[in-house]
Amino acid sequence: MSETEPKTVKERRGAPRWMKWLLIVSLSINLLIAGFAIGAAWRFRHGPPNVIERIKRFAHSLPTDRRDAVLSTIETRRATFRELRRELRRARRALGETVAADAFNAAAYQERFDAFKRAQSQLSDHVGGTFGEIAAVLTVEQRRKLLRYWRHRRRFGRRFRGGDG
């Protein structure tokens, strides 16, 4: 009898080739999702922009003369905006402290709530006045464009915050 050499079976070590490709695809998808999440967190780290920032962003789409007029209006009113926002934060904080006090005082609450409403109203009036000044220097088409921009941004802001705000 002749001696026949046994056939050597090639032993495979590790996972099959398809599993390695599946792992690479899965890792790529996970990195993509993580990149989107980090990018969104970076972009929205301070929440949606305030009124001034929205108008400034819009102004950059205008012709130079109109842009300068809009930006100068914003600059002249910026200090008042800061002070009104600061006053609103103070009133909100004082109202919160009244609510959180050990002994609730209804008269103090009402007084601080009225101060909060006044601060909110003053800021709203200032925004409306600024918006009116800016609209006065724009053409009809630019005002319509501002309105479309404003509505789009508000709609996005509500979606971003998950409510009607």
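Along the sequence shown, residues are numbered consecutively beginning with 1. This structure is a prediction, so every number in the text was calculated from the model and none was measured.
Of all heavy-atom pairs between Thr73 and Thr76, the closest is O-OG1, 2.8 Å.
Qualifying side-chain contact (heavy atoms from CB on, under 4.5 Å) partners for Gln120, counting only residues two or more places apart in sequence or in other chains: Leu88, Phe116. Not a single side-chain hydrogen bond (donor to acceptor under 3.5 Å, both in side chains) links Arg67 to another residue, sequence neighbours left out. Under the rule for a side-chain hydrogen bond (donor to acceptor under 3.5 Å, both in side chains), the partners of Gln110 that lie at least two apart in sequence or sit in another chain are Asp114. Qualifying side-chain hydrogen bond (donor to acceptor under 3.5 Å, both in side chains) partners for Glu83, counting only residues two or more places apart in sequence or in other chains: Arg86. Applying the side-chain contact (heavy atoms from CB on, under 4.5 Å) criterion to Ser121, with sequence neighbours excluded, gives Asp125. In this structure, the side-chain hydrogen bond (donor to acceptor under 3.5 Å, both in side chains) partners of Arg78, at least two apart in sequence or on a different chain, are Glu75.
Using a 4.5 Å cut-off between side-chain heavy atoms of Ile, Leu, Val, Met, Phe, Trp and Tyr, Leu147 forms no hydrophobic cluster with any other residue.
Looking at Phe58 and Val70, their side chains never come closer than 4.5 Å, going by heavy atoms from C-beta outward. With contacts defined as side-chain heavy-atom distances shorter than 4.5 Å, the pair Arg17/Lys20 does not qualify.
Asp68 contributes atom CG, which lies 11.5 Å from atom CZ of Arg66 (distance to the nearest 0.5 angstrom).
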With a 3.5 Å cut-off and sequence neighbours excluded, list the donor-acceptor pairs that the side chains of residues 128-141 form with protein atoms.
unit_1: Thr130; atom_1: OG1; unit_2: Arg77; atom_2: NE; d: 3.4
unit_1: Thr130; atom_1: OG1; unit_2: Arg77; atom_2: NH1; d: 3.0
unit_1: Thr130; atom_1: OG1; unit_2: His126; atom_2: O; d: 2.8
unit_1: Glu133; atom_1: OE2; unit_2: Arg77; atom_2: NE; d: 3.0
unit_1: Glu133; atom_1: OE2; unit_2: Arg77; atom_2: NH2; d: 2.7
unit_1: Thr139; atom_1: OG1; unit_2: Gln142; atom_2: N; d: 3.2
unit_1: Thr139; atom_1: OG1; unit_2: Gln142; atom_2: OE1; d: 3.3

Show every donor-acceptor pair shorter than 3.5 Å between a side-chain atom in residues 91-100 and any protein atom, with sequence neighbours excluded, or say none if there are none.
unit_1: Thr98; atom_1: OG1; unit_2: Ala94; atom_2: O; d: 2.9
unit_1: Thr98; atom_1: OG1; unit_2: Arg112; atom_2: NH1; d: 2.7

Donor-acceptor pairs under 3.5 Å, side chain of residues 22-39 to any protein atom, not counting sequence neighbours: which ones?
unit_1: Ser28; atom_1: OG; unit_2: Ile24; atom_2: O; d: 2.9
unit_1: Asn30; atom_1: ND2; unit_2: Ser26; atom_2: O; d: 3.4

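Sorted by first then second residue, the salt bridge (charged side-chain N to carboxylate O under 4.0 Å, His left out) pairs that include residues 102-111, not counting sequence neighbours, number zero.
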